[in-house]
Amino acid sequence: MSGTKTGLLWFTCDLRVQDNPLLAKASLEVDALLCVYVVPSFSRYLKHYSQESQFSQARIQFLQQSLADVSNSLAKFGQRLFVIEGTPFEVLKELISRQNITHLYCDAFAGYDEQSTVECLTKRYSELHVIQMNTRMLFNEEQLPFDIHQLPATFTQFRKKVEELKLEHQFALVNQLPPTPSIARIHAPFHGATSSGSNVFVGGEHSGNAHCKDYFSHRFASHYKQTRNALDDLSATTRFSPWLALGSVSPQRILSLLKNYENQHGANDSTYWIYFELLWREYFYWYARKVGYKLFQLRGVNHSPPLTSFYAQHFKQWVHGTTAYPIVNACMKQLRQTGYISNRGRQLVASCLVNELSTDWLWCGIF
């Protein structure tokens with residue numbers, strides 16, 4: 001129908017319905033809304049870098065659970081989530097053309113490939129309204145006290161400029177959603193979550209929020225700085241990262257819970273350190289926004305290629321936990337069995353791969 005505004009919301013690492021400013025904005029601006037998650041094929045990437053055909057079962061299950069949670073939440077508003085396998089540009093291009101999409105909603109990406117997809121779609125569809133918003137970081141670009149191209153060269157310089165900025169969490173509440181376009185004819189079977197794999201973590205917005213609330217219901221945060229380097233202790237670290245990575249929980253929500261905790265129990269070095277580590281995450285997001293594709297080039301941002309080689313046997317030993325380093329082996333076996341290792345464990349195994357085994361750091365990304 002002429003004049004109808006039809007939106008397409010491209011879910012990526014923002015897998016939540018509430019506290020999602022992008023979804024809240026779309027709900028107010030269009031007459032119909034198509035919610036899509038594109039599952040790209042990583043088979044060639046995995047084969048090249050790891051000789052594996054797919055990600056671990058624990059990782060696949062966590063993603064499936066997260067998508068199922070979004071799907072169930074959308075269903076309460078008469079909406080649905082279309083999960084489609086394929087190359088994001090090709091999938092979105094076909095949907096925009098076939099469904100007469102007028103508005104595209106998506107994250108303000110730090111990833112070069114995702115942002116390139118948006119730029120290609122913008123060039124192809126000159127009348128398409130593209131709305132990008134920060135859905136998974138603490139600060140919006142206009143809040144930063146510097147231009148993004150003037151991002152401080154070190155984290156410490158960045159932290160000193162931003163840590164005192166006033167942040168008030170504005171919870172983006174969704175009360176209703178536009179209907180799915182009546183013209184939508186999309187074959188996208190959604191298989192939901194599997195029951196096999198690790199039960200250490202359950203994916204999804206509801207599980208993530210429940211975990212965060214439970215963490216702050218104890219006094220763990222008051223001792224976090226002393227315990228955070230433990231390799232395996234449910235109370236030692238926050239374990240927020242799985243839900244943060246997929247955007248099932250926002251860092252603003254975690255910071256809001258942290259502030260409430262400090263108001264009740266007092267602030268100290270440990271509670272501050274949780275914010276400190278959220279700022280580390282923040283810095284690397286803006287760093288990726290600044291340097292773009294250079295971040296993933298072998299020559300790096302300084303145009304200096306590392307002195308690395310690839311030894312297939314060494315890499316296989318690292319993956320399966322059969323290296324000469326028992327602590328690395330223990331961490332890698334935990335990762336394979338549960339889909340998770342602690343922050344300290346991640347540092348240990350990555351350092352071993354890069355330094356002791358002299359392998360390009362990009363190979364760390366297969367898990």
Side-chain angles (χ1 to χ4, degrees), residues 7-27 33-40 42 54-85 88 91 105-107 114 133-137 169 171-180 184 186 188-217 234 238-257 338-340:
L8 190 162
L9 194 147
W10 176 22
F11 277 99
T12 50
C13 293
D14 46 7
L15 295 181
R16 61 187 186 275
V17 170
Q18 299 298 346
D19 195 24
N20 188 330
L22 194 65
L23 181 59
K25 184 175 179 63
S27 71
L33 183 64
L34 189 62
C35 297
V36 174
Y37 181 87
V38 182
V39 183
F42 290 106
Q54 64 179 20
F55 288 118
S56 70
Q57 184 57 45
R59 180 168 179 171
I60 293 172
Q61 176 178 288
F62 191 82
L63 174 60
Q64 289 176 330
Q65 291 168 339
S66 302
L67 293 172
D69 193 65
V70 171
S71 183
N72 292 335
S73 294
L74 289 174
K76 296 176 182 178
F77 296 102
Q79 261 286 350
R80 64 168 297 186
L81 179 68
F82 292 92
V83 180
I84 307 173
E85 294 187 10
V91 170
Y105 296 87
C106 57
D107 184 32
E114 293 89 345
M133 294 180 66
N134 173 11
T135 63
R136 51 198 174 103
M137 306 309 299
H169 184 210
F171 190 86
L173 186 64
V174 173
N175 294 310
Q176 60 182 14
L177 289 172
T180 302
I186 303 170
F190 180 67
H191 301 296
T194 61
S195 58
S196 58
S198 168
N199 291 318
V200 175
F201 298 98
V202 177
E205 175 183 1
H206 290 87
S207 296
N209 285 328
H211 170 77
C212 293
K213 288 180 181 178
D214 180 70
Y215 178 82
F216 286 113
S217 71
L234 289 174
T238 65
R239 302 199 173 204
F240 296 154
S241 59
W243 294 282
L244 273 172
L246 290 183
S248 298
V249 174
S250 73
Q252 294 99 327
R253 187 167 183 82
I254 291 174
L255 185 58
S256 178
L257 290 169
T338 70
Y340 178 85

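Here the structure is a predicted model, which means the values were calculated and not measured.
- Judged by distance alone, with hydrogens and angles left aside, the side-chain atoms of S217 form a donor-acceptor pair with the main-chain N or O of D214 at under 3.5 Å.
- Here the CG atom belonging to D19 is positioned 11.5 Å from the OG atom belonging to S248, to the nearest 0.5 angstrom.
- Looking only at side-chain heavy atoms (C-beta outward), E114 and P88 stay at 4.5 Å or farther from each other.
- W243 places a side-chain N or O within donor-acceptor distance of the main-chain N or O of V202, the cut-off being under 3.5 Å.
- D14 has its side chain out of reach of L23: every pair of non-hydrogen atoms, C-beta onward, lies at least 4.5 Å apart.
- The distance from atom CG of L257 to atom OH of Y215, rounded to the nearest 0.5 Å, is 11.5 Å.
- With contacts defined as side-chain heavy-atom distances shorter than 4.5 Å, the pair E85/V39 qualifies.
- Using a 30° and 60° split on the angle between ring planes, F240 and H211 fall in the perpendicular class, above 60°.
- When side chains are defined from C-beta on, R239 counts as touching L234, because their heavy atoms get closer than 4.5 Å.
- Under a 3.5 Å cut-off, the side chain of S256 and the backbone N or O of Q252 do not form any donor-acceptor pair.
- Residues forming a salt bridge (charged side-chain N to carboxylate O under 4.0 Å, His left out) with R136 (at least two apart in sequence, or on another chain): D107.
- Here the side chain of S71 pairs no donor or acceptor atom with the backbone of L67 at under 3.5 angstrom.
- One N or O on the side chain of N72 and one on the backbone of A68 form a donor-acceptor pair closer than 3.5 Å.
- The shortest side-chain heavy-atom distance between F82 and T180 falls under the 4.5 Å cut-off.
- Side chains of L33 and F77 form no contact here, defined as non-hydrogen atoms less than 4.5 Å apart.
- Considering SG of C212 and CG of L244, their distance stands at 7.0 Å, rounded to 0.5 Å.
- Taking the side chain as every heavy atom from C-beta outward, Y37 and V70 never approach each other to under 4.5 Å.
- Residues Q18 and V174 approach most closely at OE1-N, 2.7 Å, considering heavy atoms.
- Not counting sequence neighbours, E205 has no partner by the side chain to side chain donor-acceptor pair (under 3.5 Å) test.
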